Participant: 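The structure that follows is given in the form of structure tokens.
Just the heavy atoms: all of them, side chains too, but no hydrogens, waters or symmetry mates, feed the values below. Please read these numbers as outputs of a predicted model, since none were measured by experiment.
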Amino acid sequence: MNCIDFERHLNDLFGAAGLPHAAETPSHATQCPRCRETWERFRLLHEATDLWRKQTPEVDLSRAVVRSLSLPQSRLAPGDKIDSHSSGSAARDARARPRAAERAARGGLREDFSLRRRTLLATLAAAALLFALGLAWQFWRNEPAGGQMARRADPIADPAPRELDPQRAGLPDAEPDLPDPAPYRDLVQQATGALGDVAAFVMPGSNGSMPRGGEERTSADWIDGLQHQLRPIGRSLEDAFDFLWQAGESADRTRT
Amino acid sequence: VSDDGELVRGCLAGDEKSLCEFVRRFQTAVFGLCFRMLSHREDAEDVAQESFLRAFRNLHRWDAARPLLPWLLTIAANRCRSWLARRVERGLPADFADEIPDRRSRQTRLDLAEELQLGLEMLREEYRACFVLFHFNELTLSEIASVTGHAEGTIKTWLHRARKELAEHLQRRAVVPSISHELH
């Protein structure tokens, strides 16, 4: 018998009829120090297991279990959690057992923790809902404003005033709030007559000296400049309307 | 009521005496498993009670051709496993330290059984279950295999490792005296 066989034999002995007493030590263990130590350890484990088995406390669960069965909670569907603290717990049933109060307090702590966790989850859910509502409100509120901003940023897409659009001039006036275009038209005619055509207009923000691909516009027609909010070159004016304003004043001076 | 089948029939009929008898007949095995697995008496009582309640709810599913105890121990072992998992999540119970001897105090001389239980706590859960089912509940290897859902060979290996680790634990804790006596 070698050491491996000995350990296997020892394990079988332990599992079956229990270890024999030291007096019946297998012959291999008397010659091999390592196996003798293993033998000692297993012999003591065997002794400890005997004691350990006998030291299991006695308990009577029958009353508590039967009482729990009579409670409605015990008739839950299989797989449901049984709250042993609220039903007829065996631990609660044994009133004479020590530390019952501590145990009840521990149960209370668990319930308290559970309540706290539920409260925290509810708060988080409410905060998330409020945040989502806020986002939705902002989106709803900004959508029309954004559209307006987009329309402002794109003068080409902005339709010309009805009175300045030759294609729409003959259509019936659907926007009664607009001011009477007649004086404005007169002003334009006077300015045109006094100053003639403007040499060039550029997009707002451009200095006009360095044309950039496709962005700059040149026009001899000031109406085009006004319509597309272009800027007259070399006149230190912000837009075509200022130009028209000065042109009007100039026309008045000429007339007088 | 002597026969398990007859006892189960009485329980299914709602006979209170049969229910009490059922609990009394198996409570030592069920509670012992729970107590040795959880190392905490009150937790073990709760889990044992919960195991009986689950067993009663599922009693109609029990196969009368098979022994009742391993079926019941399967439920208890599963409940212990769930309880241990929950214990990891929520931490040890407040009075756990009172139940188990102080593992750090080497000056405290524990008896062999306490040292063994201490060693059991340090084992892998599977090893511990095998050891308890074999040495406390006295199930055979095939019955343990059916309770735990593992192959019999695996159970044999786990059992051997459990014994080896426990024996080493006893030696580390200086419970095993150095070899001083004569072997004959």
Side-chain angles (χ1 to χ4, degrees), chain A residues 7-8 11 14-15 22-25 29-30 33 36-42 44-45 47-66 68-70 74-79 82 84-85 87-91 93-94 97 99-100 102-103 105-106 109-110 113, chain B residues 14 16 19-24 27-28 30-32 35-36 41-50 52-54 56-58 61 90 93-95 98 111-117 119-120 131 134-136 141 156 159-160 163-164 166-168 170-171 175-179 181-184:
Chain A
E7 195 169 324
R8 197 173 294 150
N11 193 47
F14 201 107
E24 301 164 21
T25 307
T30 59
R36 197 168 58 192
E37 193 180 346
T38 307
W39 167 256
E40 272 300 315
R41 284 206 304 260
F42 271 75
L44 204 77
L45 176 63
E47 189 183 332
T49 306
D50 276 346
L51 288 170
W52 167 82
R53 194 185 298 120
K54 288 170 191 167
Q55 281 191 5
T56 305
E58 294 285 322
V59 68
D60 185 11
L61 300 169
S62 57
R63 274 196 311 161
V65 171
V66 171
S68 296
L69 277 172
S70 65
S74 66
R75 304 194 188 285
L76 293 171
I82 296 170
S84 55
H85 296 288
S87 66
S89 165
D93 186 57
R97 199 177 57 212
R99 288 193 303 279
E102 289 174 24
R103 194 168 170 281
R106 179 159 53 87
L109 280 176
R110 285 180 194 166
F113 174 73
Chain B
E16 194 171 324
L19 292 168
C20 282
E21 173 61 24
F22 185 99
V23 176
R24 287 198 188 102
Q27 66 185 0
T28 304
V30 171
F31 172 73
F35 181 67
R36 293 308 180 187
R41 181 180 174 130
E42 286 141 13
D43 280 357
E45 286 183 22
D46 283 348
V47 174
Q49 182 188 344
E50 196 177 314
F52 276 115
L53 290 174
R54 281 176 186 264
F56 285 140
R57 282 206 305 264
N58 294 288
R61 294 181 187 168
R90 69 182 180 224
D95 53 348
D98 298 340
D111 67 20
L112 274 175
E114 286 172 336
E115 283 292 356
L116 183 62
Q117 183 62 33
L120 266 177
F131 189 88
F134 189 89
H135 288 289
F136 179 79
L141 290 179
K156 193 172 180 181
L159 199 52
H160 177 57
R163 287 175 189 143
K164 202 170 175 181
L166 285 172
E168 285 167 2
L170 293 179
Q171 188 182 39
V175 176
V176 181
S178 56
I179 300 164
H181 58 274
E182 288 294 321
L183 294 173
H184 302 285

Participant: To the nearest 0.5 Å, what is the distance between CZ (B/Arg163) and CZ (A/Arg41)?
Facilitator: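 So the gap between those two atoms works out to 14.5 Å.
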
Participant: With rounding to the nearest 0.5 Å, note down the distance linking CG in B/Leu170 to CZ in A/Phe42.
Facilitator: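 Here the interatomic distance stands at 10.5 Å.
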
Participant: Mind checking the CG-NE2 spacing from A/Asp50 to B/His135? Nearest 0.5 Å is all I need.
Facilitator: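 Answer for the CG-NE2 pair, A/Asp50 versus B/His135, is 10.0 Å.
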
Participant: How long is the span from the CG atom in A/Leu45 to the CG atom in B/Leu116, to the nearest 0.5 Å?
Facilitator: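 Answer for the CG-CG pair, A/Leu45 versus B/Leu116, is 6.0 Å.
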
Participant: Is the number of heavy atoms from other residues, nucleotides or ligands under 6.0 Å of B/Glu16 CD greater than 12?
Facilitator: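 Not more than 12 within 6.0 Å, no.
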
Participant: How would you list, by chain and number, every residue that makes a side-chain hydrogen bond (donor to acceptor under 3.5 Å, both in side chains) with B/Lys164, sequence neighbours excluded?
Facilitator: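 Here the qualifying residues are A/Glu7.
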
Participant: Looking at B/Gln49 and A/Ala64, what are the two nearest heavy atoms and their distance?
Facilitator: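 Taking B/Gln49 first and A/Ala64 second, the nearest heavy atoms are NE2-O, 3.8 Å.
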
Participant: Give a yes-or-no answer on whether the side chains of A/Glu37 and B/Gln171 include a donor-acceptor pair shorter than 3.5 Å.
Facilitator: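 Their side chains do contain a donor-acceptor pair, which is all the 3.5 Å distance test asks for.
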
Participant: Checking A/Val65 against B/Gln27 for the side-chain contact (heavy atoms from CB on, under 4.5 Å) test, could you report, in this order, the C-alpha distance in whole Å, the side-chain angles of both residues, the deciding distance, and whether it holds?
Facilitator: CA-CA 11 Å; A/Val65 171; B/Gln27 66 185 0; over 6 Å; no

Participant: Examine whether an atom of B/Phe31 lies under 4.5 Å from a heavy atom of chain A, and if so say whether it belongs to the side chain, the backbone or both; otherwise answer neither.
Facilitator: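 Side chain only.
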
Participant: Please state whether the side chain, the backbone, both or neither of B/Leu120 comes within less than 4.5 Å of a heavy atom of chain A.
Facilitator: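 Contact with chain A involves the side chain of B/Leu120 alone.
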
Participant: I need the B/Asp46 CG to A/Leu61 CG distance, nearest 0.5 Å.
Facilitator: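 Output value for this atom pair is 9.5 Å.
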
Participant: A/Ser62: what forms a side-chain contact (heavy atoms from CB on, under 4.5 Å) with it, not counting sequence neighbours?
Facilitator: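 side-chain contact (heavy atoms from CB on, under 4.5 Å) list for A/Ser62, sorted by chain: A/Asp60, B/Cys20, B/Val23, B/Arg24.
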
